[in-house]
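Quick notes on the structure that follows.
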Amino acid sequence: MAKFIFFKSNPLSINESEIFSKSSDLFKTNKLKKEFFVKESNLIGIVHCHADYCKDDFLNNDFVVIVIDGSVYFENKKLTATKFYKLIRDADFENFLNNLIGGFSIFIYFKNNKKTLIIRDSLGIKPVYIADKLNNGYKLFLVASTAGAINQFSLIVKEFDRCAIARYASCNYRTVYRSNKTFFKNIDLIPPSHYCKLSFEGVEYKKYSDIFENLNYDFDSKEEKLKEEFRELLSEELSSKLLNHQGKAILALSGGIDSGVIASSMRNDLGFKGDALSVNYPEDTSYKERSLIEKSVKMNINNHYWCNIRASNLLEDLNNLYPTFDTPISTISIYAFDFLMRFANNIGYNLIFNGGGGDTLFAGNYPAFLFNLADLYFDKSKKFENELNYWIINQGTIEYPKSKETFLEFLNETINLNQKGLFKNKIIPLELNILDHEFTLSVKDSSINQQVISNSYLRSFMINEYFLEVLPSSIISENISEWQYGTNFLSPYYSNNLVKFAFKLPNDLKIKKGLNKILIRKIYKNKIPNEIQNFKNKIGLNAPFDAWIRKELKEFVYDIFNSLRFRQRGIYNIKNLQKCIDKHMKNEKNYQMLIWQAINLELWMKNCIDKK
């Protein structure tokens with residue numbers, strides 16, 4: 001694992017003393033690391049490696065500079081920077097890239113022709129950032145593993161992107177991550193499945209892979225064959241990561257199906273019971289999964305550890321999260337993952353398997369039901385009415401009842417019935433009552449960027465989840481936590497082979513009779529606890545933040561929102577925001593997501609924008 005920042009300009013007229021003086025603060029980590037300085041005729045940079053991986057992730061010889069952030073695999077073997085260089089010398093470059101798997105970003109500088117390439121993996125598991133500007137009349141490029149590293153230098157104006165801030169402050173947090181733009185106005189993400197070439201005429205992006213193209217849909221495959229194929233793919237992915245990793249592995253075990261399936265695969269397919277750790281909260285709330293976890297531990301786990309998170313932990317950490325995190329943290333779950341990685345590192349584990357992406361693979365997120373119904377509705381299927389009724393019964397709650405009218409409203413707002421798989425163009429509705437009026441007028445673009453390349457609404461939703469919603473909202477923060485604690489936080493469900501397998505499955509092996517994850521429920525019957533297999537609801541790694549706000553964090557919350565700096569930001573409508581906070585404190589309504597975002601936005605602004 002390596003982090004880097006490079007400056008490229010011709011001539012190289014930049015302040016080297018600033019680069020060297022800030023080098024040690026660029027990528028903070030609790031692990032022993034080494035720094036390497038690179039200087040060529042038009043390139044200068046700093047590479048930070050965890051001490052144990054320097055030879056694997058960094059190469060600087062007479063011909064090339066290569067830095068690998070993350071893990072890149074070719075033919076199921078993990079590549080070092082040296083091996084990667086040997087392979088690209090003799091291979092068809094784009095064809096070679098198309099056969100790489102894993103989560104990685106790679107920086108390459110060829111010394112003979114001064115050509116620079118930056119590559120990002122096909123799903124976008126590892127972020128990599130770029131900024132360019134005129135410096136003394138010449139084009140200057142900055143490329144780095146984190147946006148925060150670029151933002152530290154005086155060359156870049158510390159200015160936030162108003163559209164990203166408006167979405168984060170007032171909408172579902174997932175609406176932020178729908179383009180290559182970031183929270184910083186002058187810093188962009190390189191898109192997944194792309195590499196870019198830097199020349200002094202500009203940046204050229206080229207797509208080298210499309211993981212969802214040219215797949216043969218397995219409508220005629222026997223169910224037993226598909227069951228066997230999934231088990232083989234999952235066990236191969238777990239085995240490959242264990243063989244290629246140095247150190248001890250552990251599973252982040254929740255009370256859900258996805259991590260429970262990983263535990264079962266280790267025991268039943270790899271032949272051993274793995275170790276696991278689980279997040280636990282002292283409060284007795286609906287978020288608590290302890291009883292389900294205990295059943296999974298009893299059946300499939302060897303050593304198990306409880307990672308207890310209290311309100312006092314969050315209160316202690318909040319003022320220290322930024323600028324270590326260089327973007328506002330999306331949800332309390334991301335904080336819980338950070339706490340869990342810290343805990344795992346402290347007890348001696350540096351590879352953490354998790355169930356991330358399982359919901360995307362097998363239609364585990366709630367909107368998947370609606371997109372499945374849209375497929376049936378478009379096809380005029382006889383199954384439509386039956387599936388609609390099961391959805392109403394199994395997914396309806398007192399707070400959020402379901403009906404045919406609910407579905408038809410979704411259909412009218414979201415689905416383009418002229419072409420199967422196509423969504424309507426939508427505008428993200430900013431919560432105007434929450435945002436300051438003048439600030440809202442300054443937001444130029446709130447449209448949704450949809451990626452749709454499938455002949456099924458459910459498949460199109462899966463593509464959007466990977467590239468625009470679920471994965472982008474988590475990987476940025478997880479990437480920073482991994483580096484800080486020297487851990488690898490890996491999900492087998494982000495394997496290219498498993499993603500392709502799930503994408504080509506027919507809908508009824510994902511959703512049937514108002515239940516999701518149908519195929520894996522069948523595969524792992526009696527191999528995971530029945531209570532987990534039959535569980536209908538999705539809990540996730542949530543925390544009782546709503547209760548903490550009313551008690552232990554109450555004073556902290558009011559200190560933030562009553563501060564002069566917060567009130568003068570001009571982002572929120574202070575009067576209306578205060579009404580929401582008051583209703584939450586009185587337990588009249590749950591505004592925990594709004595409060596979480598407002599707190600973290602202010603802490604981020606103070607540490608990443610205000611500080612010059």
**Complete:** side chain to side chain donor-acceptor pair (under 3.5 Å) test vs Lys3 passes for just one of Asn479, Thr146, Asp57, namely Asn479
**Ion pair Glu482/Lys126, N-O distance below 4.0 Å** = yes
**Asked** Should Lys111 and Glu40 count as an ion pair when the cut-off is N to O under 4.0 Å?
**Response** yes
**Item:** Reported CG-to-NZ distance for the pair Leu388 and Lys383, which is rounded to 0.5 angstrom
**Value:** 15.5 Å
**Message:** Donor-acceptor check, side chain of Asn416 to backbone of Asn418, threshold 3.5 angstrom: yes or no?
**Reply:** yes
**Message:** If we ignore hydrogens and angles and just use 3.5 Å, is the side chain of Thr331 paired with the main-chain N or O of Ser333 as donor and acceptor?
**Reply:** yes
**Item:** NZ/Lys227: more than 12 non-hydrogen atoms of other groups inside 6.0 Å
**Value:** yes
**Prompt:** Please walk me through it: do Asn496 and Tyr73 pass side-chain hydrogen bond (donor to acceptor under 3.5 Å, both in side chains)?
**Reply:** CA-CA 11 Å; Asn496 290 40; Tyr73 294 84; over 6 Å; no
How about [X] and [Y]: are their ring centroids closer than 6.0 Å?
| X | Y | result |
| --- | --- | --- |
| Phe503 | Tyr466 | no |
| Phe107 | Phe6 | yes |
| Phe410 | Phe369 | no |

**Prompt:** Pairs in or reaching into residues 97-109: which pass salt bridge (charged side-chain N to carboxylate O under 4.0 Å, His left out), with residues at least two apart or in two chains?
**Reply:** none
